[in-house]
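Data block below; observations after.
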Amino acid sequence: ITFTIDGTTVPGGQSMIAPRSASAAGTTFEVESSDVGGTTTVTVSVVDDEGDPYTFGDEYPIDVEILVTGANTASETATDPDGDGTYVASYTPTAFGDDEITVTVNGEPTGDSPFTNTTTPRPVDPSQSTATVTSTADVPSGGQVGVDNTITIEVRNDAGEDYVYPTLRTIDVQVAVSGDNTVAAFSVTDPDEDGTYIA
């Protein structure tokens, strides 16, 4: 800004112009689907008062915080690695259930806070699961024509724990028999929800 008096320039006319302020009310966020032990990512699209992406975080930093309560608790600071107004933070759930996620911009909650995110149980891990066959037959080989064989499948999750939540995160356990005797594949259930499937 230039000032003159009778055509003579007056010194000291500089003025710093800051960008529009970040708008918590206009900011939105998305939560990536999550399960126990996995990473849950929260992506925050920060905008200014006119609804344009807030791309001035380097020169004019803002504070974007992620607060998680409920089945899991976490408090994370989001960052904008690309400088495009997209702030990202993540946390690792240790329990399944509903999490309430609140995002704040400079201490003010965003327009879509709080948001309820359901964390699912750990996924099944076939490599850690086992199956055994027992028979009521009284012969050394363990089986006999006309006698029932019992197949017991111990299903475990990716942490090696019993898979005790088949109604919360459904899986399909199937048994098939081939060879001299054949049985088409059929689904097996876990009536006690203790990770033990019996056919």
Main-chain N/O of Val103 paired to Ser113 side chain as donor or acceptor, under 3.5 Å:
yes

Under a 3.5 Å distance rule, please check whether Asp192 uses its side chain to pair with a backbone N or O of Asp194 as donor and acceptor.
no

Check the hydrophobic clustering (I, L, V, M, F, W, Y; side-chain heavy atoms under 4.5 Å; chains of links allowed) and say if Phe115 and Val88 are grouped together.
no

Is there a path from Tyr165 to Tyr197 through hydrophobic residues (I, L, V, M, F, W, Y) whose side chains come within less than 4.5 Å of each other?
yes

Can you pull out every salt bridge (Lys or Arg N to Asp or Glu O under 4.0 Å) where at least one residue sits in residues 151-167? Sequence neighbours excluded, please.
Arg122-Asp158, Arg156-Asp162

Do you know which two heavy atoms are closest between Val124 and Tyr163, and how far apart they sit?
N-CE1, 3.6 Å

Answer with yes or no whether the hydrophobic clustering places Val145 together with Val177; edges join I, L, V, M, F, W, Y residues whose side-chain heavy atoms lie under 4.5 Å apart.
no

Donor-acceptor contact below 3.5 Å, side chain Asp112 vs main chain Phe29:
yes

Side-chain heavy atoms under 4.5 angstrom apart, residues restricted to Ile, Leu, Val, Met, Phe, Trp, Tyr: same cluster for Phe56 and Val105?
yes

Spacing of Tyr91 atom OH and Thr41 atom OG1 [to the nearest 0.5 Å]
10.0 Å

Are any of the side-chain heavy atoms of Asn72 and Thr119 separated by less than 4.5 Å?
yes

Between Ser129 (side chain only) and Asp125 (backbone N and O only), is there a donor and an acceptor less than 3.5 Å apart?
yes

Counting only heavy atoms from other residues, nucleotides and ligands, does the tally under 6.0 Å from CG of Asp172 exceed 12?
yes

Ignoring hydrogens and geometry beyond distance, is a side-chain donor-acceptor pair present between Thr43 and Glu30 at under 3.5 Å?
no

Are Thr132 and Ile151 close enough that some pair of their side-chain heavy atoms sits under 4.5 Å apart?
no

Does the Asn106 side chain pair with the main chain of Asp63, one donor and one acceptor, at a distance under 3.5 Å?
yes

Which atom pair, heavy atoms only, marks the closest approach of Glu32 to Asn117?
O-OD1, 4.3 Å

Could you check whether any side-chain heavy atom of Ile62 comes within less than 4.5 Å of a side-chain heavy atom of Tyr87, counting everything from C-beta outward?
yes

Quick check against the 3.5 Å criterion: does Asp99 have a side-chain atom that pairs as donor or acceptor with the backbone of Val68?
no

For Gln128 versus Gly160, what's the shortest heavy-atom pair and its separation?
OE1-CA, 3.1 Å

Can you tell me how far the CG atom of Asp49 sits from the CZ atom of Arg20, to the nearest 0.5 Å?
8.0 Å

Going by the side-chain contact (heavy atoms from CB on, under 4.5 Å) test, name the single residue among Val175, Thr152, Ile198, Val155 that passes it with Val188.
Val175

Is there a donor-acceptor pair under 3.5 Å between the side chain of Thr27 and the backbone N or O of Ser23?
yes

Between Asp80 (side chain) and Asp84 (backbone), is there a donor-acceptor pair under 3.5 Å?
yes

Give me the atom names and distance for the closest heavy-atom approach of Ala131 to Ile153.
CB-CG1, 4.0 Å

Residues Ser34 and Thr40: side-chain donor-acceptor under 3.5 angstrom:
yes

Which pair of non-hydrogen atoms, one from Thr167 and one from Glu193, has the smallest distance, and what is that distance?
CG2-OE2, 3.0 Å

I'd like to check Phe3 versus Thr9 (side-chain heavy atoms, cut-off strictly below 4.5 Å). Are they in contact?
no

Euclidean distance, Gln174 CD relative to Phe186 CZ, rounded to 0.5 Å
9.0 Å

Are Tyr54 and Val47 side-chain neighbours, meaning at least one heavy-atom pair lies under 4.5 Å?
no

Close side-chain approach of Val147 to Asn149, heavy-atom, < 4.5 Å:
no

Look only at the side chain of Asp35 and the backbone of Pro121, and say whether a donor-acceptor pair between them is shorter than 3.5 Å.
no

Which heavy atom of Ile17 sits nearest a heavy atom of Tyr60, and at what distance?
O-OH, 3.9 Å

Check the pair Ile66 / Ile101 against side-chain contact (heavy atoms from CB on, under 4.5 Å), numbers first and verdict last.
CA-CA 7 Å; Ile66 314 295; Ile101 299 177; 4.0 Å; yes

For the pair Phe96 and Thr120, evaluate side-chain contact (heavy atoms from CB on, under 4.5 Å) and give the outcome as yes or no after the intermediate values.
CA-CA 5 Å; Phe96 61 86; Thr120 57; 5.7 Å; no

